[in-house]
Amino acid sequence: MKFFIDTANLQQIREAQDLGVLDGVTTNPSLMAKEGISGTDRILKHYVDICEIVDGDVSAEVIATDYEGIIREGENLAALHQQIVVKVPMIRDGVKAIRHFSQRGIRTNCTLIFSPGQALLAAKAGATYVSPFIGRLDDVSTSGVNLIEDIRQIYDNYGFETQILAASIRHSMHIIDCAMAGADVATCPLSAILDLLKHPLTDIGLEKFLADYHKVNG
Ligand code: E4P
């Protein structure tokens, strides 16, 4: 299972990279705005800065919602750096654009996936990744993890190579549930990744080991 970090914050990306378990980054317009990154030149430079910190894929989202606009913007983004994956919304023109990109070797992440049918359509169009938003489904009393299980089943039935990128992850249990359900990737806030470290018995056990060592070694 790959771990991506879901942020545009360079410091958090560095921290996750430093931990040695980071496989990529996802961003979206809201995350870029949260960091105060605005204006085309600054946005494009920020994507390059992210690519220089991590070794893996970096999702950069298009703003256009019409076919020609998505193609134009996506091709510009893809040309920025070899690690860029063009993030395209699950809309009619987005699906057409994903087909265009996949035929030209441009990798895509189809975002805002909330149903198995949307995931099937994105895979048919040749998306590299699909991003089911599990936290936002949980927010409206619908199981996000069930969606991951359904997509896994459909992709396995037909051998689709599109990777399931579990998104909108809120906490460490979501990561575990997605791993159990067979997601290929989880894109997470740094806090959810770091929470995987925690167990009180680890702390108690380590304290005891060190105390016993110091009893006889001073
Ligand atoms: C995925 O790529 C999205 O950027 C993200 O996971 C959305 O998460 P949110 O529901 O916490 O905004």
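Note that ligands are numbered from 1 as they come in the structure, with each ligand's atoms numbered from 1 the same way. The first residue of the sequence shown is numbered 1, and numbering continues consecutively from there. Model, not experiment: these values are computed from the prediction.
Between Asp6 and ligand 1, at least one pair of N/O atoms sits closer than 3.5 Å.
Shown here for Gln118 and Leu112, the closest heavy-atom pair between the two residues is OE1-O, 3.8 Å.
For ligand 1 and Lys87, the ligand atoms under 4.0 Å from any heavy atom of the residue are 1 (C), 2 (O), 3 (C), 4 (O).
At the shortest separation from atom 7 (C) of ligand 1 among protein heavy atoms lies Phe133 CE2, 3.6 Å. Among all non-hydrogen protein atoms, the one lying nearest atom 11 (O) of ligand 1 is Arg170 NH1, 2.8 Å. Nearest to atom 12 (O) of ligand 1 among the protein's heavy atoms is Arg136 NH2, 2.8 Å. Of the protein's non-hydrogen atoms, the one nearest atom 8 (O) of ligand 1 is Ser168 CA, 3.3 Å. Atom 4 (O) of ligand 1 has as its closest protein heavy atom Asn28 ND2, 2.6 Å.
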- request: Run the numbers on Thr40 and Arg42 for side-chain hydrogen bond (donor to acceptor under 3.5 Å, both in side chains), then give the verdict.
  value: CA-CA 6 Å; Thr40 307; Arg42 218 168 142 229; over 6 Å; no
### Task
Could you go through the side chain to side chain contact (heavy atoms under 4.5 Å, CB included) check for Thr65 and Asp93 one step at a time?
CA-CA 7 Å; Thr65 54; Asp93 280 10; over 6 Å; no
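Ring geometry, His174 versus His171: the interplanar angle falls under 30°, so the pair is classed parallel (tilted spans 30 to 60°).
At a threshold of 4.0 Å, the pair Asp184-Arg152 counts as salt-bridged, since one of the basic side-chain nitrogens sits closer than that to a carboxylate oxygen.
Using a 4.5 Å heavy-atom cutoff, the side chains of Ile106 and Glu75 are in contact.
Ranked by closest heavy atom to atom 1 (C) of ligand 1, the top entry among Ala167, Ser30, Gly144, Ser59 is Ala167.
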